[in-house]
Engineer: 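There's a structure below that I have some questions on.
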Number of protein chains: 2
Amino acid sequence: MTTSRVTIKEVAARAGVSKGAVSLAFNHKPGLSEATRDRIFRAARELGWAPNPTARTLAGSRVDVVGLAVCRPARLLGLEPFYMDFVSGVESVLIERNCSLLLRLVRNVEEEVGLQEAWWRGRQIGGSILVDFRADDPRVAAVERLGMPVVAVGHPSLTGTLTSVWTDDATAVTEAVRYLAALGHRRIARVGGAAALGHTAMRTAAFDEAARTLELAGAWQVTTDYSGEAGARATRSLLTAAPPDRPTAIVYDNDIMAVAGLSVAAEMGLGVPHDVSLLAWDDSQLCRLTRPTLSAMSHDVHGFGAEAARTLFGVITGEGPGSHPVPTPVLTPRGSTAPPGV
Amino acid sequence: MTTSRVTIKEVAARAGVSKGAVSLAFNHKPGLSEATRDRIFRAARELGWAPNPTARTLAGSRVDVVGLAVCRPARLLGLEPFYMDFVSGVESVLIERNCSLLLRLVRNVEEEVGLQEAWWRGRQIGGSILVDFRADDPRVAAVERLGMPVVAVGHPSLTGTLTSVWTDDATAVTEAVRYLAALGHRRIARVGGAAALGHTAMRTAAFDEAARTLELAGAWQVTTDYSGEAGARATRSLLTAAPPDRPTAIVYDNDIMAVAGLSVAAEMGLGVPHDVSLLAWDDSQLCRLTRPTLSAMSHDVHGFGAEAARTLFGVITGEGPGSHPVPTPVLTPRGSTAPPGV
DNA sequence: AACGTTTTCTTAACCGGTAAAGTCGCTATC
DNA sequence: GATAGCGACTTTACCGGTTAAGAAAACGTT
């Protein structure tokens, strides 16, 4: 037996008022005496009623759902600690506003554009969090055309006029390279993430720049799909060269690839950090669980997600466009980095 | 400029019919000639119209959103490969039915009960996927009372009359212990997951049973919170005993703790698998990225999620209650298990 | 030609709220 | 003492669909 659906009408009847009055009370609008307001709330409590969000949405008031479409092959997502952590940060602020997250995995940006449009026009969401920006991202124009509130997680140079939340990847990469150079490394490699992603390009550029500035003797960069397998492959190929042509330090674009790299070094009989230094990115728990522990560029991903959500609410409530940097990842030295061995 | 909202009325006007007719066409209901049907679809296509799900929901037809509330501390979720992988499996089947996933992190079961009830009564979702069952789970009664379609991810003994999707944890644990025993281990420990969870209890019982049946010389079990830190702590405490009182093999309830255990063994100067064998659970990519690689009880988590979603659709479309086992995790031997050293 | 059936479509009443406009009694004002 | 103003509600018209009941045209029957 289904619990009989209780509607605004019953509440109104029980409180002895019209449903309009109940609506006023529940939206904290003026025009009701304290006495009737109380009677209404009491009646609602007694009947266990709460306004139906679907009806509310249809009637044109606020929507309490925010969208998040993620575009990465499903199987890769599973391992990336980043997303779940990010999502949990988002959730932490949605919760306090009684909002929910509509999550969807998409295959490509075009599909995402269609989805966001459908969500918005169907009033399914009040706004959206956009992630994984690429150069000339079609979402920027689409979202502007729709006039839909969004927060873009990505560097302002990629997100156009959209309100953005971002980390300063360029500075972080530079710091990473400087640190390794300061330890004495002259031949440094970087195993990057997906080439199509805007922040990957920015990191790549920053790495090149830093390599030039510091006049490194060798600098290599490759891009991957973020998977452990790809990280292992890349590492293997970097480390097979004979010593003078081989990097003495490698920076990775996420944790998983760094862990994979660690394992490849071991498999090749190279000591970490003696023969090669390894530096991870993001810094999840994982970095503290390996032998040696992984030095990393640390990042409060959870806080990043929370900030994105907070900013989205700002946009929804009419705040003008803005750019919200979150703290730059900081270097956390652990056991996988040291001066190059002799 | 917002794209002008196009509604059913405009489509009807353009096709020269009433909105009722448009509705019939889009719901593939009888009562329309092929000719008008075509005219309607053409008009809709030309205007780029699709029925508004919110209005549809309110008018009492099906809801194309399914709910998933996850009850684990946010920060732990980030690392657990399990959830994201599971979610991506769920998504893979939602996508082909044009459905979305409403995701919510909750602090405890009571909060979840309230949430599911609100979702259901507010017609926010068409059904829900329930995870992390515990003994006498209050959700069973709540959901039955509501008459809400759900699929319970958990052993039938925990999920009452609800349709369930589950893996045979008891058999898997038994197989794990048997395997280690077959290798010659007589002192085996298990680092379990959260004690409150039903499947943890089942694994614990199965482990005890297996230890008795095989007449092991030593059997230890501890429960944790699934985090790497907890796994490290547990491992450390197990391995500090002097050799005769120390396990020669440890089974973990997830990957992360096994990785942590591997690192602790190294830190204590113990060789894996020579001094101690380690066996992980779930088997994400992670197990292939360590040195030595981790033997594990492998599990198609992505497929598990997909099966859960498929089953939920079955329930929504009126299939009676049922019990859907998915394949039992199978042993995948790698480098972390071997006969006990001398 | 009259009549019961179908087929094809239209009407109108919801679904559960919101919000603009209207009603009514009461006090303040000149 | 007529009028304006205000507070406290009620009415009513949507929002964008679905669906049961009604109506008009087409069709087969005798």
Side-chain angles (χ1 to χ4, degrees), chain A residues 2-41 43-44 47-65 118-126, chain B residues 2-41 43-44 47-65 118-126:
Chain A
T2 315
T3 310
S4 53
R5 300 197 167 287
V6 26
T7 78
I8 198 174
K9 219 185 306 190
E10 283 117 73
V11 176
R14 178 177 255 261
V17 296
S18 70
K19 49 184 207 147
V22 178
S23 178
L24 289 181
F26 267 78
N27 291 315
H28 302 104
K29 298 208 172 165
L32 253 49
S33 71
E34 268 316 307
T36 42
R37 217 173 270 278
D38 284 352
R39 277 212 326 284
I40 291 171
F41 281 123
L47 276 78
W49 177 83
N52 179 328
T54 305
R56 241 181 186 178
T57 296
L58 189 56
S61 77
R62 185 88 311 97
V63 182
D64 52 3
V65 174
W119 273 350
W120 176 245
R121 302 209 311 187
R123 290 258 176 111
Q124 305 252 85
I125 59 173
Chain B
T2 315
T3 309
S4 55
R5 302 199 164 288
V6 27
T7 76
I8 198 174
K9 219 184 307 190
E10 281 118 74
V11 177
R14 179 176 252 263
V17 296
S18 69
K19 49 182 207 149
V22 178
S23 178
L24 288 182
F26 267 78
N27 292 315
H28 302 103
K29 296 208 171 164
L32 252 46
S33 71
E34 268 315 306
T36 42
R37 218 173 268 277
D38 284 351
R39 278 211 326 285
I40 291 171
F41 281 123
L47 276 76
W49 177 83
N52 179 328
T54 306
R56 241 182 186 179
T57 297
L58 188 56
S61 77
R62 104 232 97 263
V63 183
D64 51 2
V65 173
W119 273 351
W120 176 245
R121 302 208 313 186
R123 289 258 177 113
Q124 305 252 84
I125 58 172

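Per chain, numbering begins at 1; letters A, B, ... match sequence-line order.
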Engineer: For B:Leu24 and D:dG17, what is the distance between atoms CG and P respectively, to the nearest whole Å?
Structural biologist: 14 Å

Engineer: Indicate, with a heavy-atom threshold strictly under 4.0 Å, whether A:Val22 touches base, sugar-phosphate, or nothing.
Structural biologist: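 A:Val22: no heavy atom of the nucleic acid under 4.0 Å.
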
Engineer: Quick check on DNA chain C: between A:Lys29 and B:Leu32, whose nearest nucleotide comes earlier from the 5' end?
Structural biologist: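 Looking at the nearest nucleotide for each, B:Leu32 comes out on the 5' side.
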
Engineer: Using a 4.5 Å cut-off on heavy atoms from C-beta on, say whether the side chain of A:Asn27 contacts that of A:Arg56.
Structural biologist: yes

Engineer: Assign B:Ser23 to base, sugar-phosphate, or nothing according to its heavy-atom contacts below 4.0 angstrom with the strands shown.
Structural biologist: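 The answer is base, as B:Ser23 lies within the cut-off (heavy atoms under 4.0 Å) of a base atom.
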
Engineer: In whole angstrom, what separates B:Ile40's CD1 from C:dC9's C1'?
Structural biologist: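 It is 9 Å, rounded to the nearest whole Å.
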
Engineer: Between atom CG in B:Asp64 and atom P in D:dG17, what is the gap in whole Å?
Structural biologist: 13 Å

Engineer: Would you say the side-chain atoms of B:Thr54 pair up with the backbone N or O of A:Gly122, donor to acceptor, closer than 3.5 Å?
Structural biologist: yes

Engineer: Output the rounded distance in Å from CZ (B:Arg39) to P (C:dC9).
Structural biologist: 7 Å

Engineer: Which heavy atom in B:Lys29 sits nearest to a heavy atom in B:Arg37, and how many Å separate them?
Structural biologist: O-NH2, 2.9 Å

Engineer: Find the distance A:His28:NE2 to C:dA19:C1' and express it as a whole number of Å.
Structural biologist: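 Taking atom C1' of C:dA19 as the reference, NE2 of A:His28 is at 17 Å.
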
Engineer: Side chain to side chain contact (heavy atoms under 4.5 Å, CB included) for B:Val65 and B:Trp119? Distances and angles first, verdict last.
Structural biologist: CA-CA 10 Å; B:Val65 173; B:Trp119 273 351; over 6 Å; no

Engineer: Would you tell me if any nitrogen or oxygen in the side chain of A:Thr36 comes within less than 4.0 Å of OP1 or OP2 on D:dC9?
Structural biologist: yes

Engineer: Look up atom CZ in A:Arg123 and atom CD1 in A:Ile125, then write down how far apart they are to the nearest 0.5 Å.
Structural biologist: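 The distance works out to 12.0 Å.
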
Engineer: Rounded to whole Å, please give me the gap between CD in B:Gln124 and P in C:dC15.
Structural biologist: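 Spelled out: CD on B:Gln124 to P on C:dC15 is 19 Å.
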
Engineer: At what distance, to the nearest 0.5 angstrom, does CZ of B:Arg121 lie from CG of A:Asn52?
Structural biologist: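 Spacing of CZ (B:Arg121) from CG (A:Asn52) equals 10.5 Å.
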
Engineer: Can you check whether B:Val22 reaches B:Val17 side chain to side chain, under 4.5 Å on heavy atoms?
Structural biologist: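 Yes, side chains in contact.
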
Engineer: Grab the N/O contacts between the protein and nucleotides 13-16 of chain D below 3.5 Å, and write none if there aren't any.
Structural biologist:
{"residue": "D:dC15", "atom": "O2", "partner": "A:Leu58", "partner atom": "O", "Å": "3.3"}
{"residue": "D:dC15", "atom": "O2", "partner": "A:Ala59", "partner atom": "N", "Å": "3.3"}
{"residue": "D:dG16", "atom": "N2", "partner": "B:Ala55", "partner atom": "O", "Å": "3.4"}

Engineer: Hey, can you tell me if A:Trp49 and A:Phe26 have their rings parallel, tilted or perpendicular (30° and 60° cut-offs)?
Structural biologist: perpendicular

Engineer: If the cut-off is 4.0 Å, is B:Thr57 near the phosphate of C:dC15, judged by side-chain N/O to OP1 or OP2?
Structural biologist: no

Engineer: Nearest 0.5 angstrom please: B:Ser18 OG to B:Leu24 CG, how far?
Structural biologist: 7.5 Å

Engineer: Using nucleotides 21-27 of chain C, report all nitrogen or oxygen pairs with the protein that are shorter than 3.5 Å.
Structural biologist:
none

